[in-house]
Number of protein chains: 2
Amino acid sequence: MINVAIVEDDSDIRQVLCDFLNAEEGFSCQTAVESVEQFLEELDPDNLPTVVFMDIGLPGMSGIDGIRLVKQRHPSVEIVMLTVYHDSQKIFNSLCAGASGYLLKNTPLEEIRTGLESLMSGGAPMSPQIARKVITHFSGNQPRKTTPLTPKEQEIVVGLVDGLSYKMIADRMNISVETVRFHIKNIYQKLHVHSKAEVISKSLRGEI
Amino acid sequence: MINVAIVEDDSDIRQVLCDFLNAEEGFSCQTAVESVEQFLEELDPDNLPTVVFMDIGLPGMSGIDGIRLVKQRHPSVEIVMLTVYHDSQKIFNSLCAGASGYLLKNTPLEEIRTGLESLMSGGAPMSPQIARKVITHFSGNQPRKTTPLTPKEQEIVVGLVDGLSYKMIADRMNISVETVRFHIKNIYQKLHVHSKAEVISKSLRGEI
DNA sequence: TTTTAAACCCCATTTTTATGGGGGATGGCA
DNA sequence: TGCCATCCCCCATAAAAATGGGGTTTAAAA
């Protein structure tokens, strides 16, 4: 019996999928919650689900962060993304975080079931659209990132990522702290962020 | 009408697949050859196939080298691997060379047809076993770190990575800002860092 | 030539972080 | 039972960061 959990904020989808799985031979869905927080709270360590279907856009913590947390605590639990998002960044973040599959929400229930079966036999469920993105990533046809940042601004971003303070960046670049401030103000405007933290995240996620 | 070519040295498989496609509505297979050399020789530039099913183990040039040659001369032609090989090296070499899909030879004819359809609608056919290897490639190169952080501390790290301030983290977790402070102090001690920036960097680099 | 983008510098103010303390409350384990 | 880890909360202070403004210079573009 394959024990499936669902983390999904749309109650309709949650219910339909849960009912479907419970009706299918060999599947059982006892957990269907709307957030990662709720999932972790209700989790019974003595009765872990085999597979978790995870959405990305959730109230509170995102599903991608959810993967990290769940896999960290229970590495044996398989996590399959089930979401509407199909942009490369979310896909790769999910896979790197430890997802074992990636299905789009328009996947028919029947294919979700066969996906689960292939997962159990050492495969990975993946929507063709997603597979395409992944393949494109390999063949290097990735659209080049055109960063709007100037060379100096990029250098400062590197400093931020290295965990340096304004003063340390100033010393490293042989400019005044005031100039560092100036550049950072402009960086924030260009990237539409309001803190070092966001710049560092964007940078390390390849969004700059 | 989707024009399919087959490059495959096993004449049985070649014939079965060719016949199947010709019998299917909307598909046509006029070219079924046993080597890349033969394929290139018989190729009519005015009547290019839409898709080529390519084996890897072939007399003469390998199918992977074949991808490169074909894509170089006719970039618009889609190439789908159809082979028994499932080792990571051949998979990645194929995808990097420009393959648009990767199916194992045990794939039922019916699924080969749906694979072609998803290819035509912007997807990529990929056997679950292959998808698994590809996914493992993403998540696999991350050595499992045994984090010294407690669950709550991990949750706070997630908040920091999301670019939240102490107050926002407190709200999300329904605890006091002072408690957030308390946890962060402990996190810094455990990780030997002295700023949010360093925590975020470590986290996104998988060092936590 | 005027304009524009990029780099440089300074000042002032408010908010947020970092760091040091001080308490409690659990719940598991020796 | 006391110990330990984990979690919860409060205080105070110094440092750093975020945001607004004000400028100059230079080199390339219009």
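Throughout, a chain's letter reflects where its sequence line sits, starting with A, and its residues are numbered from 1. Scope of the values below: all heavy atoms of this structure, side chains included, with no hydrogens, waters or symmetry mates. Source: prediction; values computed, not measured.
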Using the 3.5 Å cut-off, write out each protein N or O paired with an N or O of nucleotides 23-28 of chain D and the distance between them.
none

Next on the checklist: What is the distance, to the nearest angstrom, from the CD1 atom on A:Ile187 to the P atom on C:dA6?
Outcome noted: 12 Å

Next on the checklist: Considering only residues two or more places apart or on different chains, which pairs with a residue in residues 42-57 of chain B satisfy salt bridge (charged side-chain N to carboxylate O under 4.0 Å, His left out)?
Outcome noted: B:Asp55-B:Lys105

Next on the checklist: Using whole Å, what does the distance between atom C1' of nucleotide C:dA18 and atom CD of B:Gln189 come to?
Outcome noted: 12 Å

Checklist entry - Would one find a side-chain N or O of B:Tyr188 under 4.0 angstrom from OP1 or OP2 of C:dA18? => result yes

Checklist entry - Under 4.0 angstrom, heavy atoms only, what part of the nucleic acid is B:Lys167 near: base, sugar-phosphate, or nothing? => result nothing

Checklist entry - So what does B:Ser176 hit on the nucleic acid, given a heavy-atom distance under 4.0 Å: a base, only sugar-phosphate, or nothing? => result sugar-phosphate

Item to check | For B:Glu153, all residues meeting side-chain contact (heavy atoms from CB on, under 4.5 Å), sequence neighbours excluded | outcome: B:Leu149, B:Thr150, B:His183, B:Asn186, B:Ile187, B:Lys190

Next on the checklist: I need the CD1-P distance between B:Ile175 and D:dT6, as an integer number of Å.
Outcome noted: 15 Å

Next on the checklist: Quick check against the 3.5 Å criterion: does A:Ser62 have a side-chain atom that pairs as donor or acceptor with the backbone of A:Ile64?
Outcome noted: yes

Item to check | Among C:dA18, D:dA17, C:dA6, the nucleotide that comes nearest once only the side chain of A:Tyr166 is considered | outcome: D:dA17

Taking only nitrogen or oxygen atoms into account, show me every contact under 3.5 Å that the protein makes with nucleotides 11-13 of chain C, one pair per line with its distance.
residue : atom : partner  : partner atom : Å
C:dC11  : N4   : A:Glu178 : OE1          : 3.3

Checklist entry - What's the CE-P distance between B:Met173 and D:dT6, to the nearest Å? => result 14 Å

Checklist entry - For A:Asp87, what residues pass the side-chain contact (heavy atoms from CB on, under 4.5 Å) criterion, not counting sequence neighbours? => result A:Tyr85, A:Gln89, A:Lys90

Next on the checklist: Counting the atoms with a prime plus P, OP1 and OP2 as sugar-phosphate, which does A:Ser165 contact under 4.0 Å by heavy atoms, base, sugar-phosphate, or nothing?
Outcome noted: sugar-phosphate

Checklist entry - What are the two closest heavy atoms between B:Ser118 and B:Pro125, and how far apart are they? => result OG-N, 4.4 Å

Checklist entry - Given D:dC7, is OP1 or OP2 found less than 4.0 Å from the side-chain N or O atoms of B:Lys152? => result no

Item to check | Gap between atoms CD and C1', on B:Glu153 and D:dC7 respectively (whole Å) | outcome: 9 Å

Checklist entry - Does B:Tyr166 reach the side chain of B:Lys196, with side-chain heavy atoms less than 4.5 Å apart? => result yes

Item to check | ring-ring contact (aromatic ring centres under 6.0 Å, His included) contacts in which one or both residues fall within residues 91-110 of chain B, not counting sequence neighbours | outcome: A:Phe138-B:Phe92, B:Phe92-B:His137

Checklist entry - Per the side chain to side chain contact (heavy atoms under 4.5 Å, CB included) rule, which among A:Val158, A:Val180, A:Ile156 passes with A:Arg172? => result A:Val158

Checklist entry - Hey, are A:Asp10 and A:Arg14 close enough for a salt bridge, meaning a charged N less than 4.0 Å from a carboxylate O? => result no

Next on the checklist: Measuring from atom OG1 of B:Thr179 to atom CG of B:Asn174, what distance do you get when rounded to the nearest 0.5 angstrom?
Outcome noted: 11.5 Å

Checklist outcome for this item: Atom CD1 of A:Ile169 and atom C1' of D:dA16 are separated, to the nearest Å, by 12 Å

Checklist entry - Is it true that B:Glu78 and A:Arg132 have a side-chain N and a carboxylate O under 4.0 angstrom from each other? => result yes

Next on the checklist: Using C1' atoms of five pairs at each end, report the bend of the helix from C:dT1-D:dA30 to C:dC29-D:dG2 rounded to 10 degrees.
Outcome noted: 40°

So which protein nitrogen or oxygen atoms get under 3.5 Å of nucleotides 28-30 of chain C's nitrogens or oxygens?
none

Next on the checklist: Please enumerate all residues that pass salt bridge (charged side-chain N to carboxylate O under 4.0 Å, His left out) together with A:Arg113, with sequence neighbours excluded.
Outcome noted: A:Glu24, A:Glu110, A:Glu117

Item to check | Nearest listed nucleotide, side chain of A:Thr150, among D:dC9, D:dA18, C:dA6 | outcome: C:dA6

Item to check | For B:Ser201, all residues meeting side-chain contact (heavy atoms from CB on, under 4.5 Å), sequence neighbours excluded | outcome: A:Val161, A:Ile200, A:Leu204, B:Arg205

Checklist outcome for this item: Contacts of B:Leu48 meeting side-chain contact (heavy atoms from CB on, under 4.5 Å) (sequence neighbours excluded), chain-then-number -> B:Leu43, B:His74, B:Val77

Checklist entry - Can you name the residues that form a ring pair (Phe, Tyr, Trp, His ring centres under 6.0 Å) with A:Phe20, not counting sequence neighbours? => result none

Next on the checklist: Rounding to an integer number of Å, can you tell me how far B:Asn186 CG sits from D:dT6 P?
Outcome noted: 9 Å

Checklist entry - Looking at B:Thr179, does any N or O in its side chain come under 4.0 Å of the phosphate oxygens OP1/OP2 on D:dC9? => result yes

Checklist entry - Which whole-number value in Å describes the distance from A:His183 NE2 to C:dC8 P? => result 5 Å

